**Student:** 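Take this structure first; my questions come after.
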Amino acid sequence: MKTATLLLAGATGALTPVAATAAPEPEGVPADLPGVLVTARLDSVPAFELPASLDVVDLQAGSARPRSDVSEVLSGIPGLLARDRGNRAQDTQLSIRGFGARSTFGVRGVRLYADGIPATMPDGQGQVSHFALAAGDRIEVMRGPFSALYGNSSGGVVQLWSADGTPEPSLDLRATAGRYGHLAGSARLRGTAGGTGYNVSAAVLDSDGYRDHGQARRSSLNARLHRDLESGGRIELVGNHFHAPDAQDPLGLTRAQMQADPRQATAVAHDYDTRKSVRQDQLGLHWRQPLGGGWNLRASSWAGQRDVVQYLAVPPAAQANPLHSGGVIDLDGAYGGADARVAWRDAGGRFELTAGASFERQRQDRHGYENFLPGDGGPRLGVRGALRRDEVNTVRSFDQYLQAWWKLAPRWALQAGARHSQVRFEANDRYVTAGNPDDSGSVRYSAFTPVAGLVFSASDDLRLYLSAGRGFETPTFNELSYRADGGAGLAFDLRPARSDNLELGLKWRRDAGTAVEAALFRVDTEDELAVASNSGGRSSFRNVGGARREGAELSAHLPLTAAWSLQVAATWLDARFSDGFGQVAAGAAIPGVARRQGWARLQWRGQAWEAALEGLALDAVPVNDAGSESAAGHGLLHLEAARSWDAGGSRLRAFARVDNVLDRQYAGSVIVNESNGRYYEPGPGRALLLGMELRR
């Protein structure tokens, strides 16, 4: 057994050497190998040996970011765009290779996990708001064909993993304060008691927001307990609580409004007091057990509750339509599931096989209310009024999967797998009136998604690979909720999108820490799902035929001297509709996708001081299918500095960061096909952040 050096992308993007343990090396494989990523679903194969694009963000590294949003720690990963909407009533806008770019709320097209518990529901809708960064050890990101092994809506995979408990008690405290009323704090306690390791964390955030009507408060608790068994197995218990009451929503702006005053909120945001409250609690249990003879068992189960109340800016006149479900959305959602798999590895380390199955269930009690109350002087807006929707939505999924890795020869390795998925949607309408017929119904989707990849070891430090696979993406219940034609009933006529994914890549690294990765990819999709209309918080969707996403990615970590290092990441992505539809011609750009993006970070580290210059460039982003408007491309510069002190077994670190040093005006994110032309969510101007960290 030999020790490897694993290059982890730091919380600000910096790569940090971290000790890892490599598996026994098969013949012809060099000793110095990057470590195993859980995201790869293989128990012992190093990431360097796999035909997939894989990145790790080290959350243990010191950071000068607020760390209040996952978008802040995912910089520097090619192909991934995590956009802070400057609107904490909505989740981070996260896309990978163009998948998920159309999402107006939550995360679509990308599978999310927190400590092995799905943060993506079985219908494909995901959230990252409850990701407990304070407790985190790392975030793993997978792009490309092998994401399909995670089933529905797998344009990519993002997983957060909490740190283990430490042998001796350790305490991490963090506090930040900054412009726009930002105040945040977190605490993490780790240790071991009675043979059980623990990691307990808490975090709070209070922010006025960059824009008017953008105040938000968030609090979260996270606990992870783990115990190693005498039989060689391990049990882990994970609990999470998240609460964000009445986060104000400033809504999008038109281009003219953004140019006049990017900090303003839309007038109707004030009129209706647009806001959203979220509360989520979940619990998960994981068991890992060696069975002997090279066999290992992993089993997980989880359950949770997520409740959402959102007040929209829908005028009373629009709600005069008896089919309208109102301007207040009230969702009570319970979810749960289980996953079990067995893996076998031969004694020589040349073959590994994994087989498993998973079941998930989601129940959502959906209520809709008018957002006004009648009055003599006119309706009172932004309050809960009469009931307009009462519905129980249920989604069930049952998947089976198989994956194998085989060292064919000293220089060749094969990874292959397949997954069979079944997803069933059911709606039970309990609000039936003379003008609103029964919308009950059901639909079932199924898919078989094979994937395979071949790796060639050109030298000890160079791997070339080719992989191909097929994926699928069902509409979510939110996307089924409203028909594009405005008629009665749910949009059960929507078909799942199916994609063929191809990737050619290389991985190169040197002992000094230099590392370069590059990939070419192409994804062809049938029955692409696209936004039909987006108004007043109501989005409807349609199938628009074919689409193609193709591009190139490059990332590099370059140690320049003992103190200086440079990181770069670049993406070129051409995403277009292959077929015309409506007034949109074939070849039109898919909205929400930037054609080019680049990122670089130059860092200096001394004995006590450190500093960094970070730059981001993003191409123009189309905001509607017709391509008649785009968010202008922009470039941003950020500066940061930190000073550390060691005293009595404790480490104190003070840091400062200036974001958007040149005070550029730009669109931080876009709302695709917003029917009122309010496509733009402005990004914040120049902002100073000050913080302190204490580790002992």
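A quick note: this is a predicted structure, and the numbers were derived from the prediction, not measured. One is the number of the first residue; the rest follow in order along the sequence. Because only heavy atoms are used, hydrogens play no part in the values below, and waters and symmetry mates are left out as well, while side chains stay in.
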**Student:** Is the closest side-chain donor-acceptor distance between Asn501 and Ser499 under 3.5 Å?
**Tutor:**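 Ser499 and Asn501 do not have a side-chain donor-acceptor pair below 3.5 Å.
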
**Student:** Test side chain to side chain contact (heavy atoms under 4.5 Å, CB included) on Val107 and Thr92; report intermediate values, then the result.
**Tutor:** CA-CA 7 Å; Val107 178; Thr92 300; 5.5 Å; no

**Student:** Between Arg111 (side chain only) and Ser153 (backbone N and O only), is there a donor and an acceptor less than 3.5 Å apart?
**Tutor:**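 Side chain of Arg111 to backbone of Ser153, a donor-acceptor pair under 3.5 Å: no, none is there.
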
**Student:** I need the minimum non-hydrogen distance between Gly441 and Phe492, along with the two atoms involved.
**Tutor:**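 So the minimum-distance heavy-atom pair works out to C-CE1, 3.4 Å.
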
**Student:** Indicate whether the side chain of Ser440 and that of Asp438 have a donor and an acceptor atom separated by less than 3.5 Å.
**Tutor:**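 Result is yes, a qualifying pair exists.
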
**Student:** Any side-chain to backbone donor/acceptor pair from Thr120 onto Leu112? Under 3.5 Å, distance only.
**Tutor:**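 Indeed, once roles are kept as given, a pair shorter than 3.5 Å links the two residues.
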
**Student:** Can a donor-acceptor pair be found, under 3.5 Å and without considering hydrogens, that links the side chain of Thr449 to the backbone of Arg419?
**Tutor:**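 Between the backbone of Arg419 and the side chain of Thr449 there is a qualifying donor-acceptor contact (under 3.5 Å).
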
**Student:** Answer yes or no on whether Arg389 is positioned over the face of Tyr431, meaning its NZ or CZ is under 6.0 Å from the six-membered ring centre and within 45° of the axis.
**Tutor:**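 That pair does not qualify as a cation-pi contact.
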
**Student:** What I'd like to find out is whether the side chain of Gln319 reaches to under 4.5 Å of the side chain of Val314, using heavy atoms alone.
**Tutor:**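 Yes; the side chains approach each other to less than 4.5 Å.
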
**Student:** Around Arg430, counting heavy atoms of other residues, nucleotides and ligands shown, do more than 12 lie under 6.0 Å from its CZ?
**Tutor:**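 Count over threshold, so yes.
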
**Student:** Heavy atoms, side chains only, cut-off 4.5 Å: are Leu80 and Leu94 in contact?
**Tutor:**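 Touching, per the 4.5 Å side-chain cut-off.
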
**Student:** Is any side-chain heavy atom of Asn152 closer than 4.5 Å to one of Tyr445?
**Tutor:**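 When only atoms from C-beta onward are counted, Asn152 and Tyr445 do not touch, as no gap falls below 4.5 Å.
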
**Student:** For the residue pair Arg388 and Asn371, confirm or rule out a side-chain donor-acceptor distance under 3.5 Å.
**Tutor:**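 No donor-acceptor contact under 3.5 Å links the two side chains.
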
**Student:** Rounded to the nearest 0.5 Å, what separates atom CD in Glu391 from atom CG in Asp365?
**Tutor:**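 Here the rounded value is 10.0 Å.
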
**Student:** So, does Arg678 use its side chain to make a donor-acceptor pair with the main chain of Ile671 at under 3.5 Å?
**Tutor:**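 No.
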
**Student:** Any side-chain heavy-atom pair from Pro591 and Asn624 closer than 4.5 angstrom?
**Tutor:**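 They are not in side-chain contact.
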
**Student:** Nearest 0.5 angstrom please: Phe541 CZ to Asn478 CG, how far?
**Tutor:**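 Rounded to the nearest 0.5 Å, the CZ-CG separation comes to 8.0 Å.
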
**Student:** Between Glu629 and Tyr680, do the side chains contain an N or O donor and an N or O acceptor separated by less than 3.5 Å?
**Tutor:**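 A pair is found: one side chain offers a donor N or O, the other an acceptor, under 3.5 Å apart.
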
**Student:** Of all the heavy-atom pairs spanning Arg211 and Ala265, show the shortest one and how long it is.
**Tutor:**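 That would be NH2-CA, 3.9 Å.
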
**Student:** How far apart are the closest heavy atoms of Ala667 and Arg83, and which atoms are they?
**Tutor:**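 Scanning both residues completely, I find the closest heavy atoms to be O-NH2, 3.2 Å.
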
**Student:** Could you tell me if the side chain of Arg88 sits less than 4.5 Å from the side chain of Ser68, heavy atoms only?
**Tutor:**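 They are in side-chain contact.
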
**Student:** Is there side-chain contact between Glu72 and Leu133, with heavy atoms separated by less than 4.5 Å?
**Tutor:**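 SC-SC contact between Glu72 and Leu133 ruled out.
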
**Student:** I'd like to know if the side chain of Gln264 reaches the main chain of Asp261, judged simply by a donor and an acceptor atom lying under 3.5 Å from each other, with no hydrogens or angles considered.
**Tutor:**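 Checked: pair present.
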
**Student:** Please round to the nearest 0.5 Å and tell me the distance separating atom CG of Asp69 and atom CZ of Arg218.
**Tutor:**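 It comes to 6.5 Å.
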
**Student:** For residues 576-588, which residue pairs pass the side-chain hydrogen bond (donor to acceptor under 3.5 Å, both in side chains) check, not counting sequence neighbours?
**Tutor:**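 Checked against side-chain hydrogen bond (donor to acceptor under 3.5 Å, both in side chains) - neighbours excluded - the pairs reaching residues 576-588 are Asp574-Arg576.
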
**Student:** Name all residues meeting the side chain to side chain donor-acceptor pair (under 3.5 Å) criterion together with Gln282; count only those two or more places apart in sequence or in a different chain, and write none if there are none.
**Tutor:**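 Once residues adjacent in sequence are excluded, the partners of Gln282 under the side chain to side chain donor-acceptor pair (under 3.5 Å) criterion are Gln280, Tyr335.
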
**Student:** Tell me if a side-chain donor or acceptor on Glu479 pairs with a main-chain N or O of Thr476 at a distance below 3.5 Å.
**Tutor:**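 Yes, because the side chain of Glu479 sits within donor-acceptor range (under 3.5 Å) of the backbone of Thr476.
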
**Student:** Kindly compute the distance separating OG1 (Thr433) from CG (Leu387), expressed to the nearest 0.5 Å.
**Tutor:**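 Interatomic distance, Thr433 OG1 to Leu387 CG, rounded to 0.5 Å: 10.0 Å.
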
**Student:** Evaluate the criterion side chain to side chain contact (heavy atoms under 4.5 Å, CB included) for residue pair Leu618 and Leu81; output intermediate values, then yes/no.
**Tutor:** CA-CA 10 Å; Leu618 192 68; Leu81 186 57; 4.1 Å; yes

**Student:** Determine whether Val238 and Asn240 satisfy the following criterion, side chain to side chain contact (heavy atoms under 4.5 Å, CB included), listing intermediate values before the conclusion.
**Tutor:** CA-CA 7 Å; Val238 181; Asn240 179 272; 5.6 Å; no

**Student:** Between Glu473 and Arg108, does a salt bridge (charged side-chain N to carboxylate O under 4.0 Å, His left out) hold up when you go through it step by step?
**Tutor:** CA-CA 9 Å; Glu473 179 182 1; Arg108 290 289 294 112; 3.1 Å; yes

**Student:** What pair of heavy atoms forms the shortest contact from Ala269 to Asp249, and how long is it?
**Tutor:**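 Smallest heavy-atom distance, with atoms named: CB-O, 3.6 Å.
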
**Student:** Which heavy-atom pair separates Asp663 from Gly685 by the least distance, and what is that distance?
**Tutor:**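 Scanning both residues completely, I find the closest heavy atoms to be OD1-CA, 3.4 Å.
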
**Student:** Calculate, to the nearest 0.5 Å, the distance between atoms CG and CG belonging to Asp115 and Leu160 respectively.
**Tutor:**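 Result: 6.0 Å between the selected atoms.
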
**Student:** Give, for atom CE of Met121 and atom CZ of Arg363, the distance between the pair rounded to the nearest 0.5 Å.
**Tutor:**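 The distance works out to 15.5 Å.
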
**Student:** For Glu526, give me all partners under side chain to side chain contact (heavy atoms under 4.5 Å, CB included), at least two apart in sequence or on another chain.
**Tutor:**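 If we apply the side chain to side chain contact (heavy atoms under 4.5 Å, CB included) test to Glu526, skipping adjacent residues, the hits are Arg470.
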
**Student:** Using modelled atom types only, decide if a donor and an acceptor are shared between the side chain of Thr266 and the backbone of Gly252 within a distance under 3.5 Å.
**Tutor:**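 Yes; at least one donor-acceptor contact below 3.5 Å.
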
**Student:** Parallel under 30°, tilted from 30 to 60°, perpendicular over 60°: which one fits the rings of Tyr369 and His367?
**Tutor:**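 Rings of Tyr369 and His367: parallel, as their planes differ by under 30°.
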
**Student:** Go through the structure and list residues passing side chain to side chain donor-acceptor pair (under 3.5 Å) with Ser421, not counting sequence neighbours.
**Tutor:**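 If we apply the side chain to side chain donor-acceptor pair (under 3.5 Å) test to Ser421, skipping adjacent residues, the hits are Asp399.
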
**Student:** How would you list, by chain and number, every residue that makes a ring pair (Phe, Tyr, Trp, His ring centres under 6.0 Å) with Phe242, sequence neighbours excluded?
**Tutor:**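 Expected list: none.
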
**Student:** Verify, without hydrogens or angle tests, whether Asn543 (side chain) and Arg495 (backbone) share a donor-acceptor contact under 3.5 angstrom.
**Tutor:**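 Side chain of Asn543 to backbone of Arg495: a pair is present.
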
**Student:** Got a sec, which residues hit side chain to side chain contact (heavy atoms under 4.5 Å, CB included) with Asp659, two or more places apart in sequence or on another chain?
**Tutor:**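 Partners of Asp659 under the side chain to side chain contact (heavy atoms under 4.5 Å, CB included) test: Arg65, His638, Arg657.
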
**Student:** Does any part of the side chain of Gln310, heavy atoms only, come nearer than 4.5 Å to the side chain of Thr274, both counted from C-beta?
**Tutor:**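 No, every pair of side-chain atoms sits at 4.5 Å or beyond.
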
**Student:** Is it the case that the ring center of Phe425 lies less than 6.0 angstrom away from the ring center of Phe477?
**Tutor:**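 Ring centres of Phe425 and Phe477 closer than 6.0 Å.
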
**Student:** Taking Asn660 for the side chain and Leu636 for the main chain, is one N or O donor matched with an acceptor at less than 3.5 Å?
**Tutor:**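 Checked: no pair found.
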
**Student:** Could you walk me through whether Asp330 and Arg384 pass salt bridge (charged side-chain N to carboxylate O under 4.0 Å, His left out), step by step?
**Tutor:** CA-CA 10 Å; Asp330 188 338; Arg384 183 176 301 204; 3.1 Å; yes

**Student:** Where is the tightest heavy-atom contact between Leu283 and Gly239, given as atom of each residue plus distance?
**Tutor:**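 Minimum heavy-atom separation between Leu283 and Gly239: CD1-CA, 3.9 Å.
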
**Student:** Give the intermediate values and the outcome of side chain to side chain contact (heavy atoms under 4.5 Å, CB included) for residues Phe581 and Glu528.
**Tutor:** CA-CA 11 Å; Phe581 57 96; Glu528 177 80 12; over 6 Å; no

**Student:** Is there a side-chain contact between Gln305 and Asp332 (heavy atoms, below 4.5 Å)?
**Tutor:**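 They are in contact (side-chain heavy atoms under 4.5 Å apart), so the answer is yes.
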
**Student:** Taking Glu681 for the side chain and Gly668 for the main chain, is one N or O donor matched with an acceptor at less than 3.5 Å?
**Tutor:**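 Flag not set: sc Glu681 to bb Gly668 has no pair under 3.5 Å.
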
